[in-house]
Peer 1: 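Got a structure here, written out as structure tokens. Questions coming.
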Number of protein chains: 2
Amino acid sequence: MADGAELSRGRATAEMVAARANVSRVAVSRAFNPHTSLKPEKRELILRIAQELNYTPDRAARALVSGRTHLVGVIVPDVCSNWESQEIDALTTALQAEGFATLLFKTRTDYSMDEQLLAYMRGFNPDSVIAFVENVKARTLAKFLGRAVPIYVDYPLPGATSAREAGPLFDRLNILQRDGIDQAVALLQGYGVRRIAYLAGVEKSRANVARENTLRQVMAARGMEPPTVIAGDFGYDAAYQSTVNLFRVGEGADAIFAANDVSAFGAMDALRHELKLRVPEDVSVVGFDDIAQAHWKSYNLTTVKFDLDERVQALVRLILRRLNNPDAPALEETLDTRLVVRGTVGARR
Amino acid sequence: MADGAELSRGRATAEMVAARANVSRVAVSRAFNPHTSLKPEKRELILRIAQELNYTPDRAARALVSGRTHLVGVIVPDVCSNWESQEIDALTTALQAEGFATLLFKTRTDYSMDEQLLAYMRGFNPDSVIAFVENVKARTLAKFLGRAVPIYVDYPLPGATSAREAGPLFDRLNILQRDGIDQAVALLQGYGVRRIAYLAGVEKSRANVARENTLRQVMAARGMEPPTVIAGDFGYDAAYQSTVNLFRVGEGADAIFAANDVSAFGAMDALRHELKLRVPEDVSVVGFDDIAQAHWKSYNLTTVKFDLDERVQALVRLILRRLNNPDAPALEETLDTRLVVRGTVGARR
DNA sequence: AGATAGAATGAACACGTTTTCACTTTTCGT
DNA sequence: ACGAAAAGTGAAAACGTGTTCATTCTATCT
């Protein structure tokens, strides 16, 4: 029963399992790969011995020969931002169930280092990439990512107006913002709101631009004056300050439409605790995302939601599809948004 | 100028760079490894050509021969939980700066699948592991992790009473809860608080047990009756319900000491919006963590803080130290906590 | 100038797996 | 019971890099 080979780096190797089981090293490899032919009892024996020895095929070696790392790179500007942390959470769970793992990278909030970061990430050879980046051109992405599969969420790539045009590597998941925003504006209008202020996110980010433009279109379609825009960065503190300024220095508003829920919280706290105004009796507030905190009693925020689970499922489906079929034509899926009505929109006093 | 080799899998290889630069493949390898001897102008030439060809040494091949993946596995029960998302964020930034990447895994909130998850993670060969797991024994960890370096945060491993005893693989970072909790209790006592309720976290989690025990000890040392304990799970909703029960069915309390900030928010919202009690005039509230939301105006929470940046820096320092010197004796570092006074503790009406 | 130490170099091997390709054994239909 | 088809098998060749080791070149010292 002497297992000829020594412990290599503390881990068992296929060679050692083979020696123990009196089979060839190739048989061990086959035992771990489902679509190969191997006598069932032999496979069983090998797997048992492998378990005894605590053996698992080395992923580095596997990656070297197969070109697959089973890593999915995720780039976000801010893990703490509640929306993104919820997305990362759901994504990690889903990927884990499929035999993958999340490789996390952090870009800067102002999106300034995106290109270097992509190059850095490429070094880890992820099989696929989900990126919340902003200032990167389609061809740069193609250059850096090599054979990896980026799935570019939410917004069109600059330099490629459609998924098709960007080449087969770029699948895309769109969020149709119009429905939810239209429902929100309709609700506000029904309560007699006339002057809406848009509390912006990071100025040139595509999320912010898309939301602001959609809001403008929707309001115009309903015959309303364009919204006042006040600055923000998707964060609480900036939202707080901007809201205070809007009412102290500026002209105020009947309602605030925030670029995301956290901004809405900042606006609400400014209204209530600094400006001594009531929500919604004096000013209505609408958010975007429907993060978990939106239902907390202190805020109870009316907000535009898109279904996170649905989105993550779609993302993982796209990733797996492309990995199994790298040359399939680019796919584009679209998800809806809808308004979740809670307590921050109401009749004016 | 014909570069003899073809494109391999879409990526340039050291062979191709060597051919272009008229040097051997070994020279290319040396150009990318700082502590090797290579004529400066030659290294420069190689690096230039490498950049032209968009070449980076393949990490899978590198990992195969060196045994280093430059991956750090991080296991958390819940990415969304604000404390953990802030930790992940800081950790990712710090690791990125050192040439590593965060490999993220999610365990279940009740910590039930920890062992399988460790085995799964081990398959990816992380160089080091930072785990928020609960029900895993020291020897199981040693078995699964092989040569990887787990750094076990906050709480002693079951089956190993000291870092030393667990063997050289286990460094540890302790949080000294006593100081901050004592300051909080002193503050409460100063305002005449007598009956404190402890709003618990996940029942058997080490974070919860440590906080409850420390609170008991501190209160006993100050001559107070032991706290009433009410159930919780570190989340908002459970905290909300438990607080309502405490005052509707149970005996109430002068102050609530919550296991973490999110629980404290749930308790505050229950007090204010459901029970129509004032904070702090009727009931004082203290949290634990000092997450970003704690300073939001709606809560303005008095809470026990430990410095996240300090902690993350210590963690990364420990990781790098062990990677450079695998056989160094186990190290144990300790961090302090302190009370951050805001507006949720005050004189009773 | 000669001896010598040190740096620079490339050939060969190692890392642990998957895959191809012949080859051998088993299974099945008649 | 025979042949053909199918399934099972192991030797050898990849995959792309880091690391010895013996060799050649260069610069320094006496």
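Chain naming here is simple, since letters A, B, ... match the order of the sequence lines and numbering starts at 1 in each. Just so you know, these numbers use all the heavy atoms, side chains as well, and skip hydrogens, waters and symmetry mates. Quick caveat: nothing in here was measured; it's all calculated off a predicted structure.
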Peer 1: Please check the phosphate of dG16(D) (OP1 and OP2 only) for any side-chain N or O of Thr13(B) closer than 4.0 Å.
Peer 2: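 No, outside the criterion.
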Peer 1: Whole angstrom is fine here: how far is it from CD in Glu41(A) over to C1' in dA7(D)?
Peer 2: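 Rounding to the nearest Å, CD of Glu41(A) and C1' of dA7(D) are 13 Å apart.
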Peer 1: Which residue lies toward the 5' end of DNA chain C, Pro40(B) or Thr56(A), if each is placed at its nearest nucleotide?
Peer 2: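 By nearest-heavy-atom nucleotide position, the 5'-most residue is Pro40(B).
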Peer 1: Go through dG10(C), dG18(D), dT17(C) for me and flag the one nearest to the Arg25(A) side chain.
Peer 2: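 Ranking dG10(C), dG18(D), dT17(C) by closest atom to the Arg25(A) side chain puts dT17(C) first.
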Peer 1: When the distance from NZ of Lys39(A) to C1' of dT27(C) is rounded to whole Å, what number comes out?
Peer 2: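 Roughly 12 Å, once rounded to whole Å.
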Peer 1: Please confirm whether the backbone N or O of Arg25(A) pairs with a side-chain atom of Ser29(A), one donor and one acceptor, at under 3.5 Å?
Peer 2: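 Checking the backbone N and O of Arg25(A) against the side chain of Ser29(A), no donor-acceptor pair under 3.5 Å is found.
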Peer 1: Just to be sure I understand the rule, does Tyr55(B) reach a base, reach only the sugar-phosphate, or reach nothing, if contact means heavy atoms closer than 4.0 Å?
Peer 2: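 It contacts sugar-phosphate atoms only.
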Peer 1: Please evaluate residues Arg317(B) and Glu333(B) with respect to the criterion side chain to side chain contact (heavy atoms under 4.5 Å, CB included), reporting the C-alpha separation (whole Å), side-chain torsions for both, the decisive distance (0.1 Å), and the verdict.
Peer 2: CA-CA 11 Å; Arg317(B) 200 183 334 123; Glu333(B) 296 206 13; 2.9 Å; yes
Peer 1: Would you say Tyr55(A)'s side chain and Arg11(A)'s backbone share a donor-acceptor pair under 3.5 angstrom?
Peer 2: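 Not at all, since once roles are kept as given, no pair shorter than 3.5 Å links the two residues.
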Peer 1: Which nucleotide sits closest to the side chain of Lys42(B): dG16(C), dG10(C), dT18(C)?
Peer 2: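 Selected nucleotide (nearest to the side chain): dG10(C).
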Peer 1: Identify all side-chain donor-acceptor contacts of residues 38-47 of chain A below 3.5 Å with residues at least two apart in sequence or on another chain.
Peer 2:
unit_1: Arg43(A); atom_1: NE; unit_2: Ala31(A); atom_2: O; d: 3.4
unit_1: Arg43(A); atom_1: NH2; unit_2: Arg30(A); atom_2: O; d: 2.9
unit_1: Arg43(A); atom_1: NH2; unit_2: Asn33(A); atom_2: O; d: 3.4
unit_1: Arg43(A); atom_1: NH2; unit_2: Thr36(A); atom_2: OG1; d: 3.3

Peer 1: Select one nucleotide: of dA11(D), dG18(D), dG10(C), the one nearest the side-chain heavy atoms of Val26(A).
Peer 2: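 Looking only at side-chain atoms, Val26(A) lies closest to dA11(D).
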Peer 1: What's the CG-P distance between Asp58(A) and dT17(D), to the nearest Å?
Peer 2: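 The distance from CG of Asp58(A) to P of dT17(D) comes to 17 Å, rounded to the nearest Å.
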Peer 1: Which nucleotide sits closest to the side chain of Pro57(A): dG16(D), dG10(C), dT18(C)?
Peer 2: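 Selected nucleotide: dT18(C).
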Peer 1: Output the single nucleotide from dG8(D), dG10(D), dG16(D) whose closest atom is nearest the side chain of Arg30(A).
Peer 2: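 Closest nucleotide to the Arg30(A) side chain: dG10(D).
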Peer 1: Using atom CZ of Arg43(B) as one end and atom P of dT9(C) as the other, report the distance to the nearest whole Å.
Peer 2: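 Going from Arg43(B) (CZ) to dT9(C) (P), I get 10 Å.
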Peer 1: Give a yes/no on whether any side-chain N or O of Ser66(A) is located under 4.0 angstrom from OP1 or OP2 of dT18(C).
Peer 2: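 Answer no for this pair, as no side-chain N or O of Ser66(A) is under 4.0 Å from OP1 or OP2.
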Peer 1: Rounded to the Å, how far apart are Asn22(A) CG and dG8(D) P?
Peer 2: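 In whole Å, dG8(D) P lies 20 Å from Asn22(A) CG.
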Peer 1: Rounded off to whole Å, could you give me the CZ-to-C1' distance for the Arg11(B) and dG16(D) pair?
Peer 2: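 So the two atoms are 10 Å apart, to the nearest Å.
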Peer 1: Give the nucleotide from the list dT17(D), dT9(D), dT17(C) with an atom nearest to the side chain of Ala61(B).
Peer 2: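 Between dT17(D), dT9(D), dT17(C), the one nearest the side chain of Ala61(B) would be dT17(D).
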Peer 1: So how far is it from Asp127(B) CG to Leu103(B) CG, rounded to the nearest 0.5 Å?
Peer 2: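 Answer rounded to 0.5 Å: 10.5 Å.
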